[in-house]
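Quantities reported herein were computed from a predicted structural model and do not represent experimental measurements. By convention here, the first residue in the shown sequence is residue 1.
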Amino acid sequence: MPDTNEIEKVRQNLSNWLAAFNAKDSEALFALYDPESIYANAGAPLMRGLDEIRPWYEQAFENFEGTLHHKEEAVFVEGNMALLLGAYYFAPPPGVTLPEDAHLTGRVLLAYRRNQVGQWKLLFDIDNTPPDVTPSLFN
């Protein structure tokens, strides 16, 4: 049976990640990453390592307005590896209506690795935009 304490630590990393992302705080965000991270965004080429991932997020911060939400759908922890599967939603600012093709929702698989000092760090971030994830899932 998975250690619920370790699952909560992984969830806390994600909670901290969302807070840093929504605050557009690059330093806080990348403190949560494993140095060997890989990002497979549905709309961008594969990015390997923080030197490739960081500029992508910093550019996204310039254009992003609103709040990113995550809804957990499954969790797995075994040894020093953990997986979180969930849906995401980029909620636009109040009063702002975006075009339907704005890709505000999707699904993400996050893989975490526990480092030598026991901290869970984001290792793999893979997202897609399936038709079954809609803003109504977050109501």
Tell me the closest heavy-atom pair linking [X] and [Y], and the distance in Å.
| X | Y | result |
| --- | --- | --- |
| Asp34 | Lys121 | N-CB, 3.4 Å |
| Ala28 | Asp25 | N-OD1, 3.0 Å |
| Ser26 | Glu58 | OG-OE2, 2.8 Å |
| Leu137 | Ala87 | CD2-CB, 3.6 Å |
| Lys71 | Phe138 | CB-CE2, 3.7 Å |
| Ser37 | Leu50 | CB-CD2, 4.2 Å |

So, does Thr105 use its side chain to make a donor-acceptor pair with the main chain of Val133 at under 3.5 Å?
yes

Just by modelled atom types, is the Arg48 backbone N or O under 3.5 Å from a matching donor or acceptor in the Glu52 side chain?
yes

side-chain hydrogen bond (donor to acceptor under 3.5 Å, both in side chains) test vs Asn80 passes for just one of Arg113, Arg114, Gln116, namely Arg114

To the nearest 0.5 Å, what is the distance between [atom1] on [X] and [atom2] on [Y]?
| X | Y | atom1 | atom2 | value |
| --- | --- | --- | --- | --- |
| Met47 | Asn41 | CE | CG | 5.5 Å |
| Asn13 | Leu122 | CG | CG | 6.5 Å |
| Gln12 | Ile7 | CD | CD1 | 14.5 Å |
| Arg107 | Tyr88 | CZ | OH | 10.0 Å |
| Tyr39 | Asp127 | OH | CG | 4.5 Å |
| Phe21 | Thr67 | CZ | OG1 | 10.0 Å |

Group every Ile, Leu, Val, Met, Phe, Trp and Tyr by side-chain heavy-atom contacts under 4.5 Å, then state whether [X] and [Y] land in the same group.
| X | Y | result |
| --- | --- | --- |
| Leu109 | Trp17 | no |
| Tyr57 | Leu14 | yes |
| Leu85 | Ile38 | no |
| Leu123 | Leu18 | no |
| Leu83 | Val77 | no |

For Val108 and Asp125, what are the C-alpha separation, side-chain angles and deciding distance, and is it a side chain to side chain contact (heavy atoms under 4.5 Å, CB included)?
CA-CA 7 Å; Val108 63; Asp125 180 344; 3.3 Å; yes

May I ask you to check whether Tyr112 and Phe124 place their ring centers less than 6.0 Å from one another?
no

Would you check, one step at a time, whether the test ring-ring contact (aromatic ring centres under 6.0 Å, His included) holds for Phe30 with Tyr33?
CA-CA 5 Å; Phe30 285 97; Tyr33 278 77; 4.7 Å; yes

Is there side-chain contact between Val10 and Phe76, with heavy atoms separated by less than 4.5 Å?
no

So do Val96 and Glu65 actually touch side chain to side chain, heavy atoms under 4.5 Å?
no

Can Glu27 and Arg54 be counted as an ion pair, charged N to O under 4.0 angstrom?
yes

Using 4.0 Å as the upper bound for N to carboxylate O, is an ion pair formed by Lys24 and Glu62?
no

Got a sec: does the CG of Asp132 have more than 12 other heavy atoms crowding it under 6.0 Å?
yes

Do Asn63 and Gln59 pair up side chain to side chain, a donor and an acceptor below 3.5 Å, judged on atom types alone?
no

Does any donor atom in the side chain of Trp120 or Glu6 lie under 3.5 Å from an acceptor atom in the other side chain?
yes

